[in-house]
Each structure stands twice: as structure tokens, then as C-alpha cells.
Amino acid sequence: MLSQKLLDAINDQINFEIHSALIYKAMQAHFEAEDLPGMANWMDVQFQEEMSHAEKMFHFVCEAGGRVKMLAMDEPKNEYSSPLDAFETALSHEQIVTGRINNLMDLAQQERNHAAQIFLQWFVTEQIEEEASVGYIIAQLKRVEGDGRGLIMIDQELSKRTFVPIAAE
Ligand code: FEO
């Protein structure tokens, strides 16, 4: 059903999604230490989302008869100079993810693999939301320019985010 080349590329992305989760878990730890629990919560939800992305791909590869392999991961960045620094780093990371998902879709199209294209379409759409949600927070952070009261209001807003499992969306 899937070529070895496509299986390997998706396997690579499974590992990248888990690496993404690690990055957001490190950001959560940073915000916990900075006493910004709402931003820590937002990052924890992001961590769970990335793990669910990896899970979704994991099961797709297994169902297609492929063999998932876990690879070594780079240490994530653990310190950030400001909330804006962390969220701008998150946006840059999501832009990399978007490029990788688009490359996967290109490969599925080149191989005329319709099942893989339908599967990957979910991730193409998801990346629009991923970039938009981080971009919105960056705009809010720029607006308050590090003002303490503004940061607390943003933190309270971000404390409301909850994880929604993919199957329940
Ligand atoms: Fe799994 Fe944030 O992309």
C-alpha cells in the first residue's frame, strides 16, 4: 500500500512530531518556572497535540504494514528570554513542520498514492490552525510589549486551553 520511501518519510515525521512534543514540554517547564501557569498550560496542551499527531501517523504506518522505528532526538532549548521569544520560536518551528508535511504530500502525489494523500490532508489543514493560533498569541504579546498586567491577562486566557483528542474533533 505504501512504498518504502513513503513509509520512511512518515517514520521520520513521527519522530519529528515527538521531537516537537519535547520542545513544547521544555517550553512548559520554562513557563512553570516563570510563574506563568496559563502559558505553561498552553504548552502542555501543545505537547499532547504533538504526541497525538505522532500517534495518528504511528497507527497509519502500522496499518499499512510498515515498521515504525524510534530515533535519537536532539535536546530541546530549555531557556527563553521572554514569552515572545518562546512563542516566536514555536511559530518558526510550526513553519518547519508545515514545510515537512507539504513535502510528504508532494511525495504521496508523485507516487499517486491516494490513501496517503487523504491521510496527509488532515495534517495540511491542521498546520493552518497550528500556525494561526501561535500567530494570534504573538500578536497579543507584541501589543502588551512586556507590560505585566497585559501578560497576566494573556496568561489567564491561555489557561483556558484544553486538549481535544483527535477522534473527538
Ligand atoms: Fe504536529 Fe505542531 O505540528
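Just so you know, ligand 1 is whichever comes first in the structure, and atom 1 is the first atom listed for that ligand. Position 1 is the first residue of the sequence; numbering continues from there.
When you scan the N, O or S atoms of Glu130 for the one nearest atom 2 (Fe) of ligand 1, you land on OE1. Nearest N, O or S atom of His53 to atom 1 (Fe) of ligand 1: atom ND1. Nearest N/O/S atom of Glu17 relative to atom 1 (Fe) of ligand 1: this is OE1. Atom OE2 is the N/O/S atom of Glu50 found closest to atom 2 (Fe) of ligand 1.
Taking 2.8 Å as the threshold, Glu94 does not count as a candidate ligand of atom 1 (Fe) of ligand 1, since none of its N, O or S atoms lies below it. Taking backbone and side chain together, Glu126 holds no N, O or S atom under 2.8 Å from atom 2 (Fe) of ligand 1.
Counting non-hydrogen atoms of other residues, nucleotides and ligands closer than 6.0 Å to CE of Met153 gives a total of 12 or fewer. Lys69 NZ: 12 or fewer foreign heavy atoms inside a 6.0 Å radius. No more than 12 heavy atoms of other residues, nucleotides or ligands lie within 6.0 Å of OH in Tyr136, so this atom counts as exposed by the packing criterion.
A salt bridge links Lys142 to Glu88: one of the charged nitrogens lies within less than 4.0 Å of a carboxylate oxygen. Of the charged side-chain nitrogens involved, none lies within less than 4.0 Å of a carboxylate oxygen, so that Glu49 and Lys56 do not count as a salt-bridged pair.
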